[in-house]
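Proteins come first, then strands; the chains are lettered A, B, ... in the order of their sequence lines, and each starts at number 1.
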Amino acid sequence: MNPQIEKIRSLPGTFLFDLDRSARGMRLNRFLCGLVRPENRSLFKSDPEIAFENAGLTTKEREMVRTKDWKAMADYGANFFALEKLGRVTGVGNPAMCAQMRGEPLEEFLKTRRVPDAC
Amino acid sequence: MNPQIEKIRSLPGTFLFDLDRSARGMRLNRFLCGLVRPENRSLFKSDPEIAFENAGLTTKEREMVRTKDWKAMADYGANFFALEKLGRVTGVGNPAMCAQMRGEPLEEFLKTRRVPDAC
Amino acid sequence: MATIIGGIGTSHTPTIGIAFDQGKQQHPAWAPLFKGYEPIVEWLARMRPDVLVMFYNDHANSFFFDHYPTFAVGLSDRHTVADEGLGLRPVPPVNGHPAMARHIAESLVTDEFDISVFTDLPIDHGCFSPLSVMWPEHATGWPGVIVPIEMNVLQHPMPTPRRCYKLGQAVRRAIESYPEDLDVVVVGTGGLSHQLSGERAGYNDSDWDLRFLDLLTKNPHTLADMTHGDFIELGGSEGAEVIMWLAMRGALSNNVAKLHQNYYLAMTAAWAVQLYEEPVAATRRPAAKSRAGV
Amino acid sequence: MATIIGGIGTSHTPTIGIAFDQGKQQHPAWAPLFKGYEPIVEWLARMRPDVLVMFYNDHANSFFFDHYPTFAVGLSDRHTVADEGLGLRPVPPVNGHPAMARHIAESLVTDEFDISVFTDLPIDHGCFSPLSVMWPEHATGWPGVIVPIEMNVLQHPMPTPRRCYKLGQAVRRAIESYPEDLDVVVVGTGGLSHQLSGERAGYNDSDWDLRFLDLLTKNPHTLADMTHGDFIELGGSEGAEVIMWLAMRGALSNNVAKLHQNYYLAMTAAWAVQLYEEPVAATRRPAAKSRAGV
Ligand SMILES: [Fe+3]
Ligand SMILES: [Fe+3]
C-alpha cells in the first residue's frame, strides 16, 4: 500500500522490513536487539534456553535462533540489523550471513567478491 | 529563538517547558516519571534518600523534591506532568499544586474556582 | 474506502476518568460535565463507528524526554492503560486497528509527514478519559477500536497550529484511501483554557474558550494561522492542547454540521465537548450497520 | 550567522571503523579505502569546521521498533559509542553542540518538519565509522563536535527521497539562521549499493553507484524524484541508505564544487566518499581561524 515500494513487493530474493514484518517480528527483534547488553550476551551464551524463555520466544522463534537460520528469521520479521547482533555474539560475520541467505557456502560467496580479503 | 513562542518568553508567571529547561531537568524528570512504576513508588515512600541517590539527583534537586516546591521545580526544568506524578504519590492534587505555584493557600485558591467541589 | 462520518472535540483531564470511575455522574459539581456527553453517547451508540482515530497528547507516560516525538501513530493490537502514579484505573485495554494504523502511517510518511510509529506502550488519560465518558459501557470491554495519533504539546518546539490542521487534512486523505468500507470518527482531545504551572497557574478565560469553539466550527483557518504564543496568552500554557482539536477539524470536510456543544468551567481546566457530523453520515448509519447485520 | 562551507558523503559500514581500530590502513585489501579519505582528512584539518551536522541512520542501536522515528535530532552534550554486540569500540565519546542542535530542532519544527528529539542515547557506526576515518587523530578526543540527525532507513515507510532532500534544504535554513558565526560541514553517511538479506544478498551495481555519484553532483533533483523502489532495485535493499547523501546534498548550494571522489567495491557494500566545497569557504578558512587565534 506504500507507493514508494509497491513496485518491488515482488522483487525476487528481497524481504522488505515493513510495518507488517515489524509487528510480527517485534518479540524476536526485542530479544535480538537486547544482545547489545553484555549481561544478555552472557546469559545467551551460557544458557540460551533461559534467555529464550525470558524473552517469551515462541517455539518457532527459538528454533530459528538455535539454528541461526538468518533467511528464515529475515522472512519471518527479524530486521537485518537485529540479526547482525546475533551474528556478532555467535561469531558469524556479515559475509557468512549473506552466504546463508543466498543458500551457498561462505567460500563460494567469497569467490563472487572482488576483494575477498576485505573482511 | 522559536518564533512560535517568542512573544510570551516574558509572559509573567509562566514557565515554558522548552528544550533548554528539558535538558536541565532531564535527570529530575527521569526520577519523577519513574514514579509511574510501583516499585519506585514503594522505594520513594519508604526511603526517599535512597531513591534520590539511585537517581543521582543533585543536592538542589533533592531539596526541591523533599519540600515539594512545585514552583521551584517547574522553573528549574521539571515538566508539569512529571511533577504531577510526585503529586499523586504524595497525595497532593493539582489544585494544591496550582495554589503553591501561585503562592496562596489551597483554601484561597479554591475560593477563586467556580465549583470548588469539582476536585 | 473508509469514510469519515463525523468528529468530536473533547477535554481529557484525568479527573474526568476518575469521576466516572467513582460514579459521580449525578454529583452536583459533576453533572453538568456528564450531561454534556449524553448526546455524544447517544450519537456514538447510534452510528456505531468502526474506528475512532484519536488525536491526543501523551503526558510523559508513554514517551520520555530522552526520545520525544512530534507526531506518533500507535500501531498496537491492544492499548493498555498507563499507570500515572495512582495505580491502574479499572478500565480494560482498548483494541487498536493495526491494519488501518499502518495504512495511515504509510500514507502520512509518503505525504511528507515525518511521524514516528509506536507499539506496546501504555496510553494515558489523553485517550482514556474521553473514552470513559463517550463509551460509558466499557466495564467488560470497549464497544469499538481506536487508532491513536499522539501529538507533542508538552515540550516546545511543538508542531505549529497550521501544521496540526494540515496533519488532520493528511489523515483524512489516508482514511479515504483505506481500502475497507469502514465508518470512522475523528476525535481531538485536550483543553480548553488552563495553566498548571507558574504564578499564572489557575488561569482561565471562558470568553476566549467560547470564541475558540465558535471559530473552530466556522473559521478554523483563523485558528490555524495563530501561534502557540497566541494560544498560551489567551488560553494558558496548557491551553495549547487545543491544537489536537485543530487536527480533528482539519480531518473534517467544509460541510460538517455541528450537532452539539457543551462547555463547563468548574475547577482548573475548562471542560468542553463538540460533535460534528458529516453530510455523508446520513447515508451510512444505521442503515449500513443493519445491512451488515450487526 | 553560521555558514555551511562544504559537504561530505561517505559510506559508514561497521567494518570501516573496525579496520581503522585494527590498523589496516596499509593492508592491500583496505588501502584503497583509506587512501580515498586522505583528501577529506587534509581538507577537514585545514578548514577546521566548528560543527559537523551529520545525516545518518541508526541500526536499531539507539532506537527500537516499539517507538521508531522518521527524523530525530540529537541534542546531547556528549554522544557515547553504542555497543553493537561486540563490546565497545575503543573510541572516545564525541561532543555534541546542544545549542545549535536545539536551534535546528526549533527551526525544523517551525518549518513543518515533524522531527523527534533525542538525548543521552549512544550512537552507532552510522556516525562513528565515518568519523574514525575522517578525523583519524581521535585517540584522546575528537577534534570537533557533531550535531547528529538520524533518519529512518530501517523500516518502511521511510521518508521519501524528495522529503530527504527537502530536509537538507530546511537544515540549511536552520544553520544559516543560527546566530553564532560558525563554520559548518554537512555530512551524509551510508551506502552505496548493498543488500544484506534475502537471496539477493550480496547484490551490488557499480555502474549505478557511479551514476548515482555523478547525478548527486550534477542533478540531485533526478535522484530526489526517484522512489525507494527505484533505489532498492538499482542499489539493493540497504542501498536505500543513499537518501542520507541526498539530505546532505539538499543542504548545499547550487554552486558547490566537487573536490574529491573515491569509490571502492571490495566485499558486500560499495564504499564511496565525496567532498563538496562551497564558494564561501575560500573566504572563511584558514584566514578566519587564524584571525580567531586558533
Ligand atoms: Fe492534557
Ligand atoms: Fe548502514
If you count every heavy atom of other residues, nucleotides or ligands that lies below 6.0 Å from B/Arg24 atom CZ, does the total exceed 12?
yes
Contacting moiety of B/Lys85, where chain C heavy atoms sit under 4.5 Å
both
Donor on one side chain, acceptor on other, C/Thr227 and B/Gln4, under 3.5 Å
no
Note, C/Ile232 side chain near B/Leu16 side chain (heavy atom, < 4.5 Å):
yes
Would you sort out whether B/Met101 and C/Leu196 count as a side-chain contact (heavy atoms from CB on, under 4.5 Å), showing the intermediate values?
CA-CA 8 Å; B/Met101 296 268 190; C/Leu196 298 169; over 6 Å; no
I would like to know whether B/Ile5 and C/Met158 meet side-chain contact (heavy atoms from CB on, under 4.5 Å); could you show each step before the answer?
CA-CA 10 Å; B/Ile5 50 172; C/Met158 298 171 185; over 6 Å; no
Given the options C/Leu33, C/Thr160, C/Leu154, C/Thr268, which has more heavy-atom pairs under 4.5 Å with chain B than any of the others?
C/Leu154
Region of C/Asn204 that comes under 4.5 Å of a non-hydrogen atom in chain B
side chain
Donor-acceptor under 3.5 Å (B/Arg114 side chain, C/Ala266 main chain):
no
At a 4.5 Å cut-off on heavy atoms, which part of B/Leu11 comes close to chain C: side chain, backbone, both, or neither?
side chain
Going from SG on B/Cys98 to OH on C/Tyr203, what distance comes out if it is rounded to the nearest 0.5 angstrom?
14.5 Å
Between B/Asn79 and chain C, which part of the residue has a heavy atom less than 4.5 Å away: side chain, backbone, both or neither?
side chain
What one should report as the nearest heavy-atom pair of B/Glu84 and C/Pro14 is OE2-CG, 4.4 Å
Contact origin within B/Arg37 toward chain C - heavy atom pairs under 4.5 Å
neither
Measure the NE2-CG distance between C/His27 and B/Asp117 for me, rounded to the nearest 0.5 Å.
5.0 Å
Okay, B/Leu32 and chain C: the region with an atom under 4.5 Å from a heavy atom over there is neither
Would one find more than 12 heavy atoms of other residues, nucleotides or ligands at under 6.0 Å from atom CD of B/Glu39?
yes
I'd like to check B/Arg30 versus C/Asp66 (side-chain heavy atoms, cut-off strictly below 4.5 Å). Are they in contact?
yes
Could you look at C/Tyr68 and say if it's the side chain, the backbone, both or neither that has a heavy atom under 4.5 Å from chain B?
neither
Which atoms of B/Met97 are under 4.5 Å from chain C, going by heavy atoms: the side chain, the backbone, both sets, or neither?
neither
So, the part of C/Thr15 with a heavy atom under 4.5 Å from chain B: the answer is neither
Please tell me if the side chains of C/Asp83 and B/Pro38 come closer than 4.5 Å, counting only heavy atoms from C-beta onward.
yes
B/Ile8 side chain near C/His228 side chain, heavy-atom distance below 4.5 Å:
no
Under 4.5 Å from a heavy atom of chain C, the part of B/Phe15 involved:
both
Distance, nearest 0.5 Å, that separates CD of C/Glu84 from SG of B/Cys33:
11.0 Å
With no hydrogens and no angle check, is any side-chain donor or acceptor of B/Arg102 less than 3.5 Å from a backbone partner on C/Ala201?
yes
Checking B/Thr14 against C/Glu199 for the side-chain contact (heavy atoms from CB on, under 4.5 Å) test, could you report, in this order, the C-alpha distance in whole Å, the side-chain angles of both residues, the deciding distance, and whether it holds?
CA-CA 7 Å; B/Thr14 301; C/Glu199 288 173 16; over 6 Å; no
Region of C/Phe65 in contact with chain B, defined by heavy-atom distances below 4.5 Å:
both
Do the rings of C/His125 and B/Phe81 sit parallel, tilted or perpendicular, given the 30° and 60° boundaries?
tilted
Distance col, row B/Phe17:CZ vs C/Ser237:OG, nearest 0.5 angstrom, shows 12.5 Å
Check step by step if side-chain contact (heavy atoms from CB on, under 4.5 Å) holds for B/Leu19 and C/His156.
CA-CA 6 Å; B/Leu19 296 177; C/His156 296 277; over 6 Å; no
If you count heavy-atom pairs under 4.5 Å with chain C, which of B/Asp75, B/Asn29, B/Asp20 comes out on top?
B/Asn29
If you count every heavy atom of other residues, nucleotides or ligands that lies below 6.0 Å from C/Lys35 atom NZ, does the total exceed 12?
no
